[in-house]
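Written out below as structure tokens is the structure these notes cover.
All heavy atoms count here, side chains included; hydrogens, waters and symmetry mates do not. The sequence lines fix the lettering, A, B, ..., with proteins before strands; numbering per chain opens at 1.
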Number of protein chains: 2
Amino acid sequence: MTPGPRELLKDAGLRITAPRIAVLDWLAEHPHATADQVADGVRARLGSVSTQAVYDVLHACARTGLLRRIEPAGHPARYETRTGDNHHHLVCRDCGRTEDVDCVHGAAPCLEPLDTAGFAVDEAEVLFWGLCPDCRPSGTCQWC
Amino acid sequence: MTPGPRELLKDAGLRITAPRIAVLDWLAEHPHATADQVADGVRARLGSVSTQAVYDVLHACARTGLLRRIEPAGHPARYETRTGDNHHHLVCRDCGRTEDVDCVHGAAPCLEPLDTAGFAVDEAEVLFWGLCPDCRPSGTCQWC
DNA sequence: ACGCTCTCTGGAGTTAGTCAAGAAAGCGAA
DNA sequence: TTCGCTTTCTTGACTAACTCCAGAGAGCGT
């Protein structure tokens, strides 16, 4: 049994509040949502929540590892509850739709650069760019 | 001998204008610069260039393959003249400093997702996140 | 040298998010 | 179960990094 939002928040040392529970609940059902979408979803459930509160919750949860933040270039940030494993993402260049892809190489960090130039590397992020099925057949397709 | 900006622009079917030459010249000397930095550099050379012109040049050149655009999450986009090969990047979480890394696996596309979920994938982007030598020794370091 | 078309200028507008101050609410201790 | 400290939420102003638009200006093929 996976732990509910209350346990997750408690274990992370965060206070249990209605906005936080609603954000985690909603994101569990709607992975890869933007902050805007999360705000809408949470408001539908709680009535009224400030934008700032949503951003605070998302940041607090991302910081403590309850949520993972994905920021595809040119698109607003997206959040997901699937953390801990080192999976990667497919992103549609057109609509920003994002899907999970399992790690190509097994365990994290999955890839190591040849020369780190003195950087302390802690994560290898892999994004696969393309067009999703919905955007692909349109006339704007530049790959066919 | 590598071709100069004029030849590159001509071959790409773009008009040869002072802002374009200046942008390409300046970027060749300062890889991984932001649009802001490019604008400053170009203005230092030409006197006065509109922000819009800089963005237009960067977009036109990125579209025709003269420049590559890198957009690390949470940092402004950066541009580089090294295109054609499938190299990747090291990005500092703190200051956004970006460095080249040669492809971990040889030839492009270098990686293939196991399941593309119907996406037409055309690029695998790899970003190595960490802290650069300048940001690393500071007290805010969370990895040591 | 002409004129079509692409490019640049200047200014307003947008998106996605941050900052700050005070009110409200969680939660450990009494 | 109440107190009071601290975190969290609300409201509203603010910012960075772009984008959009209309018109002026400048390449370049003929």
Legend entry - Inter-end axis angle, the helix from C:dA1-D:dT30 to C:dA30-D:dT1, with every axis fitted to five base pairs (rounded, 10 degrees): 40°
Legend entry - Whole-Å distance separating the CG atom of B:L58 from the P atom of C:dT7: 14 Å
Legend entry - Common cluster, B:V23/B:Y55, ILVMFWY with side-chain heavy-atom separation under 4.5 Å: no
Inset, instruction - May I ask you to say whether B:E99 pairs ionically with B:R97, meaning some side-chain N is under 4.0 Å from a carboxylate O? - result: yes
Inset, instruction - Looking at every strand, decide which applies to B:A60 at a 4.0 Å heavy-atom threshold: base, sugar-phosphate, or nothing. - result: nothing
Legend entry - Start and end of the DNA chain D segment that chain B contacts, any atom under 4.0 Å from a heavy atom: D:dA17 to D:dC28
Inset, instruction - Hey, could you give me the CD/CG distance between B:E125 and A:L127, rounded to the nearest 0.5 Å? - result: 5.5 Å
Legend entry - Nucleotide C:dT18, atom C1' - distance to CZ of A:R69 in whole Å: 11 Å
Legend entry - Atom-pair distance (CZ on B:R20; P on C:dC6), nearest Å: 11 Å
Legend entry - CG-OH distance between A:L27 and A:Y79, expressed to the nearest 0.5 angstrom: 9.5 Å
Legend entry - Separation between CG of B:D25 and OG1 of B:T81, rounded to the nearest 0.5 Å: 10.0 Å
Inset, instruction - Give a yes/no answer on whether the side chain of A:R15 brings an N or O atom under 4.0 Å of OP1 or OP2 in C:dA25. - result: no
Legend entry - d(CG, B:L24; P, C:dT7) in whole Å: 13 Å
Inset, instruction - Nearest 0.5 Å please: distance from the NE2 atom of A:H32 over to the CG atom of A:L90. - result: 9.5 Å
Legend entry - Inter-residue atom distance A:H59.NE2 - A:T64.OG1, 0.5 Å rounding: 12.0 Å
Inset, instruction - Using a heavy-atom cut-off of under 4.0 Å over every strand shown, decide if A:H59 touches base, sugar-phosphate, or nothing. - result: sugar-phosphate
Inset, instruction - Using a cut-off of 6.0 Å, state whether more than 12 heavy atoms not belonging to B:R82 lie near its atom CZ. - result: yes
Legend entry - B:R78/B:E80 salt bridge by N-O under 4.0 Å criterion: no
Inset, instruction - Grab the CD-C1' distance between A:E71 and C:dG17 for me, whole Å please. - result: 10 Å
Legend entry - DNA chain D-proximal residues of residues 46-56 of chain B, any heavy atom under 4.0 Å: B:Q52, B:Y55
Legend entry - Comparing B:D36 and B:T17 on DNA chain D - which has the more 5′ nearest nucleotide: B:D36
Legend entry - Least distance between heavy atoms, A:W129 atom then A:R93 atom: CB-NH2, 3.4 Å
Legend entry - Interatomic spacing from CD1 in B:I70 to OG1 in B:T34 - rounded to 0.5 Å: 11.5 Å
